[in-house]
Asker: 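Dumping the structure here so I can ask a few things about it.
For the single chain, residues carry numbers from 1 onward in sequence order. Both backbone and side-chain heavy atoms feed into the values below; hydrogens, waters and symmetry mates do not. In listed order, ligands and their atoms are each counted from 1. All values reported here derive from a predicted model rather than from experimental measurement.
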Amino acid sequence: MKNTVLITGASSGFGKVAAKLFHNKGWNVIATMRSPEKETELSALSDILLSKLDVTDAQTIQHAVTAGIEKFGRIDVLVNNAGYGALGALEASTEEEARKQFDVNFFGLIAVTKAVLPAMRKQRSGTIINVSSVGGRITFPFSSLYHATKFAVEGLTESMQYELNPLGINLKIVEPGGYKTEFAGRSMALFGANGLADYQPAFDKFAAMLDAWPMSENIGEVADIIYEAATDGTEKLRYPVGHDAVQLVQTRQQMDDVEFKKMMTAQTDI
Ligand code: NAP
């Protein structure tokens, strides 16, 4: 029997490349996205079920999971990939912006996970891969809301191992560094300093650093790591991916809080 993967946020970036990779490896793929009617590439492939799924909309989640199980019989791997970045000074954010960041990156991931778990428990097998970020291990300036969601995903995932491993379900965290996807474009909600002059000069420096960040074009690297996490059969939990991510995680492990903050402020000139 072919394995089946359900991927959220498969309209672009890591999600789309991962959908193509799993398909190439012979898997059934439930490629979910907010606007499947716009997708032309994945819809042309066999054994890919394109489903509408907005992680903030319970009905679409249930519908996509049910349709996937009806078509393929099971879900072996869930890739919680959908997400975006809300960046700026915390004080400059509205409550709505803060809640939306958590609704998508954190509560959305929980909702999809809870929708898939009954099938995985019944099977007594499955792997849940949560796409966090290097920003789930280290922090940059002016990204507090984004980091808060990704640190939350890391803690959630690590703890869930205790209750799910005995039921045959594995947990994995993929932590990409900077990659050229739609993330720095339409998936970035920049509220910046929002007119609060005290933050503006430092935010401008941060924005310049972000612009100059050497984003890798090799998105396939992340899909490869997602596939490895899905299939390596190990208990390994965290998969940092990308030169910058691996280096930043290592640096963080070697420095105490004060040393790391000094390094980051020096690098960003803030
Ligand atoms: P991307 O190309 O912008 O993909 C983001 C995906 O999330 C899109 O498919 C988007 O769908 C989807 N999405 C956003 N809100 C959603 C919602 N409410 N319901 C369902 N889908 C939603 O960026 P990406 O880089 O591949 O991002 C994928 C994941 O990697 C994110 O969790 C991000 O935090 C993480 N990440 C990215 C980087 C990076 O440098 N690229 C680094 C570390 C971590 P629409 O097409 O409908 O907008």
Asker: Regarding Asn218 and Glu221, is there a side-chain donor-to-acceptor distance under 3.5 Å anywhere?
Answerer: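 A pair is found: one side chain offers a donor N or O, the other an acceptor, under 3.5 Å apart.
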Asker: Using a 4.0 angstrom limit on heavy atoms, which residues are close to ligand 1?
Answerer: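 The answer is Gly9, Ser11, Ser12, Gly13, Phe14, Arg34, Leu53, Asp54, Val55, Asn81, Ala82, Gly83, Val104, Val131, Ser132, Ser133, Tyr146, Lys150, Pro176, Gly177, Gly178, Tyr179, Thr181, Glu182, Phe183, Arg186, Ser187, counting any residue whose heavy atom sits under 4.0 Å from ligand 1.
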Asker: Which word best sums up how the rings of Tyr146 and Phe183 line up, parallel for under 30°, tilted for 30 to 60°, or perpendicular for over 60°?
Answerer: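 The arrangement is tilted - the two ring planes meet at 30° to 60°.
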Asker: Less than 4.0 Å between a side-chain N and a carboxylate O, is that true for Asp54 and Lys52?
Answerer: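 Looking at Asp54 together with Lys52, the answer is no, because their closest N to O distance does not fall below 4.0 Å.
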Asker: Which class fits the ring pair Phe203 and Phe142: parallel under 30°, tilted 30 to 60°, perpendicular over 60°?
Answerer: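 Perpendicular.
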Asker: Using a distance-only test with no angle check, is there a side-chain donor-acceptor pair under 3.5 angstrom linking Arg238 and Thr157?
Answerer: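 No.
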Asker: I'd like to know if the side chain of Asp47 pairs up with that of Trp27 as donor and acceptor (distance under 3.5 Å, no hydrogens or angles considered).
Answerer: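 No, because no side-chain N or O of Asp47 sits under 3.5 Å from a partner of the opposite role on Trp27.
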